[in-house]
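These notes concern the structure reproduced below.
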Amino acid sequence: QVQLVESGGGLVQAGGSLRISCVASGHTGDIYTMAWFRQAPGKEREFVAAISGTARIYFTDSLKGRFTISRDNAKATVFLHMNSLGPEDTAVYYCATHCDDLGPATKCQSWGRGTQVTVTS
């Protein structure tokens with residue numbers, strides 16, 4: 001079993017940047033694709049980005065150019081770098097792994113508890 005713990009969320013002003021992290025622990029040997037999702041208040045959870053074990057990346061089109069994803073395999077950690085944040089980016093951001101695909105239709109089996117990102121205008 002793998003545990004995922006997100007961190008780095010918080011309050012940021014519009015236009016600012018934030019980097020959130022997700023550390024995997026436990027049985028991490030079979031972790032391949034790691035993904036980020038987010039859920040805004042009153043909305044369904046949506047796919048943000050995913051990165052494979054070989055650093056292939058898939059991003060939601062609307063976030064390309066503002067967000068980037070990276071990973072440190074040695075530390076079983078995935079990062080989401082967010083720039084030019086706006087109030088529409090306010091959400092709980094979830095890390096996930098054991099995903100069956102790299103794109104937005106991916107289904108993931110292991111999830112973190114999320115980290116809150118709040119962007120003020």
Residue pair [X] / [Y]: nearest heavy atoms and the distance that separates them:
{"X": "Arg71", "Y": "Gly53", "value": "NH1-N, 3.4 Å"}
{"X": "Asp100", "Y": "Lys107", "value": "OD1-N, 2.8 Å"}
{"X": "Arg38", "Y": "Ala91", "value": "CB-CB, 3.9 Å"}

Do [X] and [Y] have side chains that get closer than 4.5 Å, going by heavy atoms?
{"X": "Leu4", "Y": "Val23", "answer": "no"}
{"X": "Ile69", "Y": "Phe79", "answer": "no"}
{"X": "Thr33", "Y": "Thr106", "answer": "no"}
{"X": "Gln39", "Y": "Tyr93", "answer": "no"}
{"X": "Gln109", "Y": "Val2", "answer": "no"}
{"X": "Met82", "Y": "Arg66", "answer": "no"}

Check the hydrophobic clustering (I, L, V, M, F, W, Y; side-chain heavy atoms under 4.5 Å; chains of links allowed) and say if [X] and [Y] are grouped together.
{"X": "Leu18", "Y": "Val48", "value": "yes"}
{"X": "Ile51", "Y": "Tyr32", "value": "no"}
{"X": "Leu11", "Y": "Leu85", "value": "no"}

For the pair Val5 and Thr115, evaluate side chain to side chain contact (heavy atoms under 4.5 Å, CB included) and give the outcome as yes or no after the intermediate values. CA-CA 9 Å; Val5 178; Thr115 186; over 6 Å; no

Kindly give the cluster partners of Phe47, where membership spreads through any ILVMFWY side chain lying under 4.5 Å from a current member. Phe37, Tyr58, Val92, Tyr94, Leu102, Trp111

Counting only heavy atoms from other residues, nucleotides and ligands, does the tally under 6.0 Å from CD of Gln13 exceed 12? no

Residue pairs involving residues 54-99 (criterion disulfide bond (SG atoms under 2.5 Å apart); sequence neighbours excluded): Cys22-Cys95, Cys99-Cys108

Do the side-chain N and O atoms of [X] and [Y] include a donor-acceptor pair separated by under 3.5 angstrom?
{"X": "Thr68", "Y": "His81", "result": "no"}
{"X": "Asn83", "Y": "Ser17", "result": "yes"}
{"X": "Gln116", "Y": "Thr118", "result": "yes"}

Rounded to the nearest 0.5 Å, how far apart are OG1 of Thr77 and CE of Met34? 7.5 Å

Chi angles and distances behind the side-chain hydrogen bond (donor to acceptor under 3.5 Å, both in side chains) call for Ser62, Thr60: CA-CA 6 Å; Ser62 62; Thr60 292; 5.5 Å; no

When you check the gap from the basic side-chain N to the acidic O, do Arg113 and Glu6 get nearer than 4.0 Å? no

